[in-house]
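Below is one structure, written out as structure tokens, with a few remarks after it.
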Amino acid sequence: MIIHGGAPLRGVVELSGSKNATLPIMMAAVLTDEPVVIRNVPRLRDVKTAIELLGGLGVAARWLGDHELELHARALSGHEAPYDLVKTMRASFVVLGPLLARAGRARVSTPGGCAIGARPVNLHIAGVRALGARVQMRHGYVEAHAARLIGARIWLDNPSVGATENILMAAVRARGRTVIENAAREPEVRDLARMLAAMGARIAGAGTHVIEVEGVDRLHGADHAVIPDRIEAGSLMAATVATGGDVIIRGAPAGDLEAVVAKLAEAGAEISPVADGLRIARNGPLRPIELRTLPYPGFPTDLQAQMMALLTQADGASVITETIFENRFMHAQELIRMGADIVMKGATAVVRGPSRLSGAPVMATDLRASMGLIVAGLAAENTTTVSRVYHLDRGYEALDRKLGALGARIERAADE
Ligand code: UD1
């Protein structure tokens, strides 16, 4: 992605559907032999990967429109999620719960490490074990069997999003009652629960620390519209503020963005609600802030890189602490190459600004780090080239088109 920086973003932009809500919702299609229709599905590489994964299980996928996807798991023809797919998209691992619930068995590759941290799946496995599954680890795969899952009380050591989703999808068809304590409260978990409820599941408490599920024998088809992507919203907000722009973000879910709005406002952004979204602008200088990533409703780790890029423009020292993933400052070295003043010690980074960023060739290491580099490139002088754009295509729909429509000078190199 080639960016000629310095142009303030201005105009109106429409959000896409949430990637992190879409992927588990797609996996939920496995739970019924009837077709499900999912609307507001973003056209992303991860969605393609999920279609491929489901295809391998015998789930038919059909696009009904640009963003409307029908999935039909009439009869499953497989029960395996292969390494090749899971390694490119960790979210594949949440197929374990629904497969086990529907087919009584599942063989799912473990994802392995990741650029941002170790990312174990122990809580997912402990969860399905608690529901009565026999689980073995063999040849890099989790092999699970259960003639019928049985409801249980499960306490999560930490509120893992993926583990909550996996356990939830296993529990909806288990016999009896399941209680997930210390569950993830992310809006994407809530959206999955809404989808499952539309399919006939009995769930209470999604969006709180305690989710209760009363298992049912059968789930049926459903028609569900995915929530807008709060991480895309936050990314566009950071880009707008970094460039001193003024943008209306249509569809921005204000209720899901409270921590983000609070922190951006503290840094000096002007944010106001408008019909169907948020308006964000910056007129004066930016103030430094302290920022700590936390599980929802705290500040999302998925926006940490974008905020770091933004805070290089604040007038003073900001302190960023990453508490979710142990290796999520990979973008900092690249920002430093662009002229940022960042010192890291363990999970904390001190960003001193304002720095005059100058364009440079930089390399993306993961999805959100890439977006951090895009934010920096937009604010920098001259030309920044962000390579390994495939990371961005995993999770941002038509990013170059959307930023271009807001006045950014951004283009995709032919060979990407
Ligand atoms: C999801 C999001 C990801 C986001 C993350 C945290 C999707 C597809 N991805 O990832 O974008 O950055 O939430 O908001 O929704 N952990 C364990 N054991 C486990 C599972 C997790 O120790 O079995 C730890 C992880 O190492 C991490 C923390 O729990 O430190 C949170 O991870 P988790 O919420 O599971 O993240 P994901 O669901 O993988």
Side-chain angles (χ1 to χ4, degrees), residues 17-28 42 44-47 49-50 53 85-97 108 110-130 135 137 142 154-170 180 182-193 209 226-227 229-232 234-235 256 259-260 292-307 321-328 330-331 347 365-372 391-392 394-396:
S18 158
K19 168 181 90 75
N20 286 353
T22 299
L23 298 174
I25 285 171
M26 288 175 69
M27 304 303 168
L44 302 170
R45 212 169 60 108
D46 272 6
V47 168
T49 307
L53 175 87
L85 292 179
V86 182
K87 76 166 193 246
T88 59
M89 185 181 78
R90 303 183 50 90
S92 309
F93 199 75
V94 297
V95 81
L96 175 69
V108 180
T110 48
C114 159
I116 61 174
R119 306 190 75 175
V121 288
N122 57 312
L123 299 173
H124 303 238
I125 291 169
V128 296
R129 272 203 176 118
V135 183
M137 306 285 288
V142 173
I154 298 165
W155 193 85
L156 294 178
D157 283 346
N158 72 50
S160 156
V161 174
T164 302
E165 292 168 342
N166 234 335
I167 296 166
L168 184 58
M169 285 194 275
I180 310 172
N182 199 26
R185 290 186 279 172
E186 268 69 0
E188 294 76 19
V189 173
R190 226 169 46 212
D191 204 31
L192 171 64
H209 278 315
V226 173
I227 53 172
D229 198 311
R230 66 190 168 103
I231 304 300
E232 185 193 22
S235 302
D256 296 344
V260 177
R292 213 180 156 75
T293 64
L294 286 170
Y296 188 84
F299 192 91
T301 173
D302 284 354
L303 288 173
Q304 182 255 106
Q306 301 86 319
M307 284 302 276
T321 306
E322 169 61 53
T323 77
I324 308 292
F325 294 113
E326 63 274 19
N327 191 28
R328 209 175 197 180
M330 303 281 278
H331 42 280
T365 47
D366 69 75
L367 170 57
R368 307 305 173 182
S370 318
M371 190 62 211
H391 288 298
L392 281 169
R394 282 192 46 209
Y396 289 94

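Given the structure is predicted, the values throughout are model-derived calculations rather than measurements. FYI, the numbering just counts along the sequence from 1. Whatever order the structure lists ligands and atoms in, that order sets their numbers, starting from 1.
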List the atom of Ser92, the atom of Met27, and the distance in Å for their closest heavy-atom pair.
CA-CE, 4.2 Å

Taking NZ, NE, NH1 and NH2 as the nitrogens, is one of them in Arg190 or Asp256 under 4.0 Å from a carboxylate oxygen of the other?
yes

Mind checking the CD1-CD1 spacing from Ile167 to Ile180? Nearest 0.5 Å is all I need.
5.5 Å

Select all protein residues for which some heavy-atom-to-ligand 1 distance is less than 4.0 Å, and list them by chain and number.
Asn20, Ala91, Arg119, Pro120, Val121, Asn122, Leu123, His124, Asn158, Ser160, Val161, Gly162, Thr301, Asp302, Ile324, Phe325, Arg328

Salt bridge present between Asp366 and Arg394 (N-O < 4.0 angstrom)
no

Return the set of residues passing ring-ring contact (aromatic ring centres under 6.0 Å, His included) with Phe93 (not counting sequence neighbours), or none when no residue passes.
His124

Looking at Arg230 and Glu188, is there a salt bridge between them, counting it only when a charged N and a carboxylate O are closer than 4.0 Å?
yes

